[in-house]
Amino acid sequence: MSEFVVIQVGQCGNQIGSALWPLILQEYDINLYSEDKKKTGDTLTPKPLSSFFNTSSKSDLACGTLAELINNKVKARAVCIDMEDSVVARFRQGVLKDIFDKKCFITNYPGSGNNWAEGYYEYGPIYAEKILSSIKHAVERCDSLHGFLLLFSTGGGTGSGLGTFVLKLLADCYPEIERFVACVYPTGTEDVVTCPYNMGFATKELLDNATCVFPVENRSLLDIVERQAKKQSGDISSLYTPFNDMNNIIVNMLLHVTSGSRFPGSLNFDMNELNTNMVPFPKLNFLSSGFNPCPYSSLKNGKKPSKQLKDELFVASCSRLNQLVKVDPLGPKSVLMATTLIGRGGFSLSDMNGYVEKIQNKGKFAPWAFKSIKLGLCDVPPKNATLAMFSLHNTTSVVNLFDHIHGQFTKLYKKKAHVHHYTKISGFDRDFFLDCHESFRGVINAYREIENMSPVKIPRLTPLKDL
Ligand SMILES: Nc1nc2c(ncn2[C@@H]2O[C@H](COP(=O)(O)OP(=O)(O)OP(=O)(O)O)[C@@H](O)[C@H]2O)c(=O)[nH]1
Ligand SMILES: [Mg+2]
């Protein structure tokens, strides 16, 4: 089982983290609020917690309650960084306080002022040593570290600036270890005026230094949660705290994508296969993810899910309505470079092969991609669901996201608005604006080229007479 160190940076990164840890524990049947063990038959199946927790080498540790975890000195493999203290402070006090290693909290006051340069060039060098030492502490407690998983928003100063600084540190100090990033793009909720610059500079770093990026657009999440709220109560005013619902979707995406690394399955899909299968070129590393956000809890234990339900979940996972970024992976404008499908719970290989055929018939693939689709079957469904289907696409339509950010970045920069906040930071060079603009042009052109590629004609083999 692969191990991961989660590094959560800034307010958003730590808010996603605070939704992530309870849900991971729930997937292992660990009850946070009760001393009771799992009720079903009272026998606990040992499940290796080691992917996200340091269990002090008791790899088959079977815990039913949080108290047992704490007694066994189990610690989350987490590093929590923010340049203000309020969100990280909740980990010091909340119900999970004892599963966090206090050596891995790094905070300051009062934040990076919504300025990428402040996070990257001011706090980065000041905190580099402290951050590296916390990361080293977490890394030394791993037996088979596979990857770092970074969580942050690209819209503010700390997550985007310090988050991408940490990403670069990892690339320099741990070049062999994969760097996965789940990052929020506050599109549609741009409440920060400098957001276009922050998103722009952070994106350049993500293209340069991340192995795989799981981008999430707030406008996509908002659409999903509003649709769900309307379905459930017909009223979206019930969404008092949309960030909670939105972050739950991000967390579920992370649980799905890492499910094969945490649980067994008849067709195992480990995170170590992700980069090879999904990223054909280093800078085309942004992957769109989708799944049905509603758990199918209505199925009684033991009752076989119908084919219709399974098919519905497959269709939902590839639908544009359920993508966490604004793309339509099987739409007319999308050219697929790679796809992965992960079935959790009661899917069979023959179900999966049927879905592969559907995608191959409907989707348009890059001529060199051989229409290949990576499959994974994970035995354990998400908590409160009988089964789930998760899809990941490397599609050229993610260019929409780059176009959107580049457009906003250029609009602001044409007027040189807010530029002085960045140029006043020591280490930040005015030319970085132009470099960033060039980086966007490069990646946008790369996607467009693949979109416009005509199918490659492979010449027929002719016999070699001289042999
Ligand atoms: N989906 C989601 N978006 C968030 C969340 N928190 C903040 N955002 C968005 O992310 C952007 C700012 O990111 P923050 O994480 O608050 O900023 P920060 O990284 O702490 O940086 P500074 O406060 O500027 O130092 C805003 O545009 C918010 O709309 C969250 O919990 N979930
Ligand atoms: Mg903040």
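All residue numbers in this chain count up from 1 along the given sequence. First listed ligand is number 1; within each ligand, the first listed atom is number 1.
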- Message: Consider ring-ring contact (aromatic ring centres under 6.0 Å, His included). Of F165, F432, F428, which one does F201 pass it with?
- Response: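 That would be F428; it is the only one of F165, F432, F428 passing the ring-ring contact (aromatic ring centres under 6.0 Å, His included) with F201.
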[atom] [closest protein heavy-atom partner, distance rounded to 0.1 Å]:
atom: atom 23 (O) of ligand 1; answer: N114 ND2, 4.0 Å
atom: atom 27 (O) of ligand 1; answer: D191 OD1, 2.5 Å
atom: atom 8 (N) of ligand 1; answer: F243 CZ, 3.6 Å
atom: atom 20 (O) of ligand 1; answer: Q11 N, 2.9 Å

- Message: For F291 and F390, take the angle between the two ring planes, folded into 0 to 90°, and tell me which bin it lands in: parallel under 30, tilted 30 to 60, perpendicular over 60.
- Response: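 Tilted.
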Of the backbone atoms (N, CA, C, O) and the side-chain heavy atoms from C-beta on, which set of [X] has a member under 4.0 Å from an atom of ligand 1: side chain, backbone, both, or neither?
X: N247; value: side chain
X: I16; value: neither
X: S112; value: both
X: T158; value: both
X: C12; value: both
X: Q15; value: side chain

Should [X] be counted as touching ligand 1, given the test is an N or O pair under 3.5 Å?
X: S160; result: no
X: G157; result: yes
X: G159; result: yes
X: N115; result: no

- Message: Measuring only between side-chain heavy atoms, which start at C-beta, is H406 closer than 4.5 Å to T410?
- Response: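 Of all side-chain heavy-atom pairs linking T410 with H406, at least one is under 4.5 Å.
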Does a donor on one side chain sit under 3.5 Å from an acceptor on the other, for [X] and [Y]?
X: E205; Y: W116; value: no
X: S288; Y: T395; value: no
X: Y121; Y: D429; value: no
X: N114; Y: T194; value: no

- Message: Test your reading of the model: is there a side-chain donor-acceptor pair from S334 to the backbone of P329, 3.5 Å cut-off?
- Response: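 Side chain of S334 to backbone of P329, a donor-acceptor pair under 3.5 Å: yes, one is there.
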- Task: Using atom types as modelled and distance alone, determine if a side-chain donor or acceptor of K102 lies under 3.5 Å from a backbone N or O of F100.
- Result: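 Judged by distance alone, yes, a pair lies under 3.5 Å.
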- Atom indices of ligand 1, in the order listed, that fall short of 4.0 Å to a heavy atom of G10: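 Answer, ordered by atom number: 19 (O), 20 (O).
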- Query: Any idea which atoms of ligand 1 are less than 4.0 Å away from a heavy-atom of N218?
  - Reply: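 Counting from 1, the qualifying ligand atoms are 1 (N), 2 (C), 3 (N).
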- Query: Does a salt bridge link D223 with K326, judged by any charged N lying under 4.0 Å from a carboxylate O?
  - Reply: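 A salt bridge links D223 with K326.
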- Test the K416-Y413 pair against the cation-pi criterion, namely NZ or CZ under 6.0 angstrom from the six-membered ring centroid and within 45° of the ring axis.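 So K416 does make the cation-pi contact.
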- Per atom 17 (O) of ligand 1, closest listed option by heavy atom (S153, G156, G113):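 Nearest option to atom 17 (O) of ligand 1, by heavy atoms: G156.
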